[in-house]
Protein chains: 2
Amino acid sequence: MKKTAADTQQAVPSRKEEILAAAASLFRRQGFERTSVREIAQELGMTSGSLFYHFASKEDLLVMIMEEGLRDITQAVRQAQATEKRLPERLLAMVQQHLAALLGPRLDAMTVLLYEWRSLSPEAQQRILALRDAYEALWTESLNEAAQLGLVDPDVALVRQTLLGALNWSAQWYRPGGRLGIHALAERMFVMLFPKMRLGLEQAAAA
Amino acid sequence: MKKTAADTQQAVPSRKEEILAAAASLFRRQGFERTSVREIAQELGMTSGSLFYHFASKEDLLVMIMEEGLRDITQAVRQAQATEKRLPERLLAMVQQHLAALLGPRLDAMTVLLYEWRSLSPEAQQRILALRDAYEALWTESLNEAAQLGLVDPDVALVRQTLLGALNWSAQWYRPGGRLGIHALAERMFVMLFPKMRLGLEQAAAA
DNA sequence: GTCTATAGTCAGATAGAC
DNA sequence: GTCTATCTGACTATAGAC
């Protein structure tokens with residue numbers, strides 16, 4: 001029995017997590033192919049050979065970064081969906097959690113997830129795609145309900161693509177410390193993208 | 001005086017254009033770094049050395065693909081903007097031209113433009129970024145007018161990012177021959193993203 | 001304009017000492 | 001768990017014949 005349990009929430013990151021974080025940061029800034037394992041190792045003060053004690057291959061690194069990102073955002077949005085029962089508020093909570101996962105502390109991993117999937121082998125691509133489909137199914141579910149209430153266009157697939165496209169694009173331009181925080185950004189985009197939904201909240205009279 | 005003038009609209013593509021098209025197709029499917037010059041040459045029945053008679057470097061290929069894509073979409077949207085004088089119709093025409101340029105015959109080049117810019121050298125990145133800024137300025141201009149008429153949120157930068165994000169994301173999922181043509185897709189997305197705009201057109205009573 | 005041949009570089013991954 | 005040293009292969013780009 002190894003001591004690798006409960007490694008998800010600890011404050012002191014394991015070596016493996018340090019490597020994943022450094023790799024994600026480099027992959028986001030330079031792309032997967034333009035980043036060498038030597039660069040990743042150097043970032044951590046080790047040599048390239050040592051990396052392969054922790055990971056079987058460079059692609060293995062990429063796959064784990066992506067799976068971690070997808071696991072995080074899926075869990076966050078699923079919880080928002082389960083917590084908020086009423087519909088307009090539930091979708092707002094889902095948008096907030098999506099942007100928080102995308103633009104928050106895991107920005108590197110999430111950006112890599114969005115823009116480096118072509119560097120995966122076909123087999124790994126299928127695995128990641130299956131996880132992404134499961135995530136998108138959460139949205140389809142709640143958007144279907146909204147469509148039945150007449151709150152969104154009945155073409156739910158198109159609504160989902162438009163919504164997630166607008167949200168995901170923010171990873172290309174959003175920079176922490178800008179004029180809008182993530183929470184405020186989520187509200188603004190929600191109002192813009194779901195104009196038929198009135199929230200009965202305090203921002204009803206906002207500009 | 002060489003015979004290279006008026007090469008833009010001809011039906012028979014020059015060798016250079018054939019190379020650019022083959023490269024764009026491979027870059028879109030595999031990414032820039034994962035595509036070798038040998039593959040590009042093979043696609044055209046030549047050997048890798050011959051490519052360098054036409055292009056100085058592999059990056060040169062990428063830059064030309066991107067510049068061509070940006071030139072096309074800028075021209076198309078600028079013409080729509082200049083032709084339609086009235087505002088809601090003008091923005092619809094711009095959305096239609098944006099999607100037509102993005103998803104039409106130049107889909108390969110446009111996708112490469114959107115997703116491979118990190119493979120450019122810093123100098124080339126600046127050049128491309130300047131062209132992209134000029135393109136986005138077209139949108140800022142018309143969206144500013146719309147904001148003054150109360151047709152869109154006054155945060156024009158956010159509106160532009162949201163709009164272009166949703167439109168550009170379609171390159172990830174749209175496939176020609178699907179249930180929606182490009183023209184119809186543009187109308188649907190326009191209505192979804194600009195709900196305050198009523199067009200005075202025939203689709204006023206659509207579902 | 002295209003070929004062959006190859007220079008020159010750098011990548012991912014492995015073996016074995018410590 | 002990290003190191004040094006190295007294998008093996010692939011890549012871009014060039015030179016010069018045709």
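Remember, it's a predicted structure, so these values are computed and weren't measured experimentally. Numbered from 1 within each chain, the chains take letters A, B, ... in sequence-line order.
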(request) Please test Tyr115(B) against Gln172(B) for side chain to side chain donor-acceptor pair (under 3.5 Å), starting from the C-alpha separation and ending with a verdict. (result) CA-CA 10 Å; Tyr115(B) 297 110; Gln172(B) 297 239 15; 3.3 Å; yes
(message) Treating Glu43(A) as the side-chain partner and Ile40(A) as the backbone partner, does any N or O pair qualify as donor plus acceptor under 3.5 Å?
(response) no
(message) Using a 4.0 Å cut-off on heavy atoms, which residues in residues 50-69 of chain A reach DNA chain C? List them by number, or say none.
(response) Phe52(A), Ser57(A), Lys58(A)
(message) Using a heavy-atom cut-off of 4.0 Å across all strands, would you classify Arg38(A) as base, sugar-phosphate, or nothing?
(response) base
(request) Using a 4.5 Å cut-off on heavy atoms from C-beta on, say whether the side chain of Thr140(B) contacts that of Asn144(B). (result) yes
(request) Run the numbers on Gln81(A) and Ser142(A) for side chain to side chain donor-acceptor pair (under 3.5 Å), then give the verdict. (result) CA-CA 8 Å; Gln81(A) 189 178 36; Ser142(A) 285; 2.8 Å; yes
(request) Taking atom types as modelled, find out whether Glu33(B) and Ser119(B) have a side-chain donor-acceptor pair closer than 3.5 angstrom. (result) yes
(request) Compute both the distance and the angle, then confirm whether Lys58(B) meets the cation-pi test with Phe52(B): under 6.0 Å from the six-membered ring centre, within 45 degrees of the axis. (result) no
(message) Need two values: the first and the last nucleotide of DNA chain C, 5' to 3', having an atom under 4.0 Å from any heavy-atom of chain B.
(response) dG1(C) to dT4(C)
(request) Can you see which heavy atom on Lys196(B) is nearest to which on Leu151(B), and at what distance? (result) CB-O, 3.6 Å
(message) Students often mix this up, so state it plainly: with edges at 30° and 60°, are the rings of His98(A) and Tyr135(A) parallel, tilted or perpendicular?
(response) parallel
(request) Kindly give the heavy-atom pair with the smallest separation between Ser121(A) and Glu59(A), and that separation in Å. (result) N-OE2, 2.5 Å
(request) Specify the separation, in whole Å, of atom CE of Met46(B) and atom C1' of dA13(D). (result) 16 Å
(message) Please give me the minimum heavy-atom distance between Asp153(A) and Asp155(A), naming the atom from each residue.
(response) OD1-N, 2.7 Å
(request) Check each residue of residues 22-37 of chain B for a non-hydrogen atom within less than 4.0 Å of any atom in DNA chain D, then write out the ones that pass by number, or none. (result) Thr35(B), Ser36(B), Val37(B)
